[in-house]
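Shown next, in structure tokens, is the structure this report addresses.
Residue numbers start at 1 and run along the sequence shown.
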Amino acid sequence: VPASTMDGRRGGRRRGDQNFLPLRRPTRNFSNTISCWYCDFKCMVFNEVLFRLGRRHSRFLRVWFSIGIGFSLAALVGVAVIILCEVAKTPLMYAGIARSGDSSFGLSFLTAGMHMSPSSMGYLCLSSFICVMVHEFGHALAAASEGVQMEYIAFFFALVFPGALVAFNDASLQLLPGVASLRIYCAGIWHNAAFCGVCTLALFFLPFFLSPLYIHGESPMVLDVHSMSPLSGYLSAYDVILSLDEFRIHTAEEWMQKITLLTKQTPPLSFDQSSGIANVHKSYCVPSSLIEKSIHIPFTGYETYCPNELFAFAPVTCPDMSKYDYSGNKTNHQESGEIIHCLNAKDVIKLRKCAYDPVQASKKSSGCNCSEDESCLMPVQLPGLGWVEITHSRLECLNRGRSLFSGNQHSNSGGRGCLQTFVFVGDLISMAHSIHLTSYQPRLSMYFIAYLPDMLERFFTCAFHVSMVLALLNSLPVFFLDGESILEATLLHYLGFLSSRMRQSVVRCCLYGGTFVCTFLILQTIFVSVV
């Protein structure tokens, strides 16, 4: 069930309620209603506690919720402008001028940064419950600060849509001044916005709070490898990734950024154009004896076919650094052969790199590390296939205090110490998403606590998005949400130059128009996503 339906009350009021204050203390703390299309659960346990809390700190709370009025009105205007822009963009989309994927009204931001797995659904449900409680707590506390007592908090299901509401005495709300009623109506949106700030601060200070037990930002650690992952035979839980193509990786975010960058840098190899210094670091000094044993095939039309478990390598001229300018681009074309050698990648990565020697490069001479009986070969990167070296270590090796990685002095040999290096060839984006990483490493080899930072990060991230969605949805000028009561209270109390009937007509027109437009945009978003 989408979180966007989690708040379905109409401004916190019950029409037709004729009870007046003082309210009688309820004889039961819980009650429920069940019908064929609607069921709810009402709770009156917190009525007295919240009322006393609101009255005790009423002066501070009125200032706090007055700030919320400004934020909520700004949110209402901003959301109204967005939906009007979306309506204006619809004809252009159907005319082919604008793309449907450019829609700002899409609900993709709800799951931004999250993958919808069963565990993510658990975080979503927990976050939705907490965010709804924060929202309704804001309404109840704002009402208490104005002297209006809450009757109950209810959780309900209407058809298949869940929701929550806090019920007040309607007559008591009608007696309040306009600003006081706005404070109550805007309190839920304001509390959701404040909760977004709390989640942001929690994510920002989480490395500091967890620093006694965890190391953050040193190297990402593997928490899980999907059974269908191409890395399942190479990486396992609690492995620590140290580098990608000899570039040091510090966090899980940096892992994805580097993978994305490498994906953009893997076009088909052209033999009549240089690929620059970046690809020089992926060339290897291969002995002539190994080349003689390899399979030789021609390279035509950017296509090459090597037997299984073998990869295509192309001979390149050892880089002459005088041919490169300061931006890393070659100043003229290099000549290369058109014969491809099919070699085993596991054997090649153990060899020396052809990377230039800085001392020789400064003298504008050839910086090749290869000897006379070796040739410099570079992997052929075909469209859709990336070549990346991944260096990793076991967590216990790092906890024993070994110095495993030191910049450019790292060796490619996989059997030395705790370091292991392997080459992945294939779709880099799919590979990156097939493993679950965390930027935290436990200081002690207690694996059962390794998942705690990731659980906290995912919860705060999910709670931020759900709370943001609740705030934005309740800002919409539609029926049955807070936007209805905010719009009604604002227009009825501040359009004094119009008659009462005209003000009611303006409010109804705005609400009917907003409800129709929002329903149309939601259905359009669903249709586009399905088609």
Side-chain angles (χ1 to χ4, degrees), residues 214-225 229-259 261-262 278-287 290 309 311 313 343-358 369-370 374 377-379 386-426 428 431-432 434-447 450:
Y214 300 89
I215 301 173
H216 177 266
E218 184 177 281
S219 294
M221 184 180 68
V222 179
L223 290 179
D224 182 52
V225 181
S229 170
L231 303 182
S232 59
Y234 301 91
L235 294 177
S236 59
Y238 314 118
D239 280 349
V240 178
I241 296 178
L242 300 177
S243 67
L244 285 173
D245 277 352
E246 296 188 351
F247 288 94
R248 192 75 162 92
I249 302 298
H250 299 90
T251 63
E253 294 77 17
E254 192 175 352
W255 158 268
M256 288 304 305
Q257 293 172 2
K258 184 60 181 176
I259 288 294
L261 181 62
L262 290 174
N279 281 339
V280 171
H281 291 282
K282 290 188 178 182
S283 56
Y284 302 86
C285 296
V286 182
L290 187 60
E309 299 182 356
F311 197 79
F313 288 82
L343 299 170
N344 192 325
K346 296 180 181 178
D347 297 331
V348 174
I349 63 171
K350 299 176 182 179
L351 304 175
R352 252 190 349 266
K353 293 288 185 69
C354 298
Y356 64 91
D357 184 351
N369 288 332
C370 302
E374 294 176 331
L377 300 185
M378 180 186 300
W387 166 288
V388 60
E389 293 184 18
I390 302 176
T391 303
H392 65 98
S393 172
R394 293 295 297 174
L395 177 62
E396 55 266 22
C397 292
L398 297 180
N399 288 336
R400 284 199 296 266
R402 296 183 181 180
S403 178
L404 298 178
F405 188 91
S406 178
N408 294 328
Q409 299 177 358
H410 170 61
S411 172
N412 289 323
S413 178
R416 186 173 300 174
C418 291
L419 282 180
Q420 296 292 327
T421 300
F422 65 91
V423 169
F424 172 79
V425 180
L428 299 184
M431 176 271 293
S434 67
I435 61 175
H436 185 194
L437 299 179
T438 178
S439 301
Y440 293 84
Q441 299 177 31
R443 295 185 181 273
L444 303 176
S445 298
M446 297 185 295
Y447 294 151

Passing candidate, side chain to side chain contact (heavy atoms under 4.5 Å, CB included) with Val240, options Ile249, Leu395, Val222 = Leu395
ask   = Counting only heavy atoms not in Tyr234, do more than 12 sit closer than 6.0 Å to its OH atom?
value = no
query = For Ala432 and Met256, which heavy atoms make the closest approach, and how far apart are they?
reply = CB-SD, 3.7 Å
task = For Tyr214, check ring pair (Phe, Tyr, Trp, His ring centres under 6.0 Å) against everything at least two apart and list the hits.
result = none
message = Among residues at least two apart in sequence or on other chains, which ones pass ring pair (Phe, Tyr, Trp, His ring centres under 6.0 Å) with His250?
response = none
ask   = Are any of the side-chain heavy atoms of Val286 and Leu343 separated by less than 4.5 Å?
value = yes
key: Minimum-distance pair of heavy atoms, taken over all atoms of Arg394 and Ala237   = NH1-O, 3.1 Å
note = Minimal heavy-atom distance between Met431 and Leu231, with the atoms involved, is SD-CD1, 3.4 Å
request  = Give, for atom CD of Gln441 and atom OG of Ser439, the distance between the pair rounded to the nearest 0.5 Å.
outcome  = 9.5 Å
Non-hydrogen atoms of Arg248 and Ser219 that approach each other most closely = NH1-OG, 2.7 Å
query = Using the ring of each side chain (for Trp, its six-membered ring), is Trp387 parallel, tilted or perpendicular to Phe313, with breaks at 30° and 60°?
reply = perpendicular
Nearest heavy atoms of Leu235 and Val225, plus distance in Å = O-CG2, 3.7 Å
request  = Might you point out which heavy atoms bring Ala252 and Pro220 nearest each other, and give the distance in Å?
outcome  = N-CB, 4.0 Å
ask   = Roughly how far, to the nearest 0.5 Å, is the OG1 atom of Thr391 from the CG atom of Asp245?
value = 9.0 Å
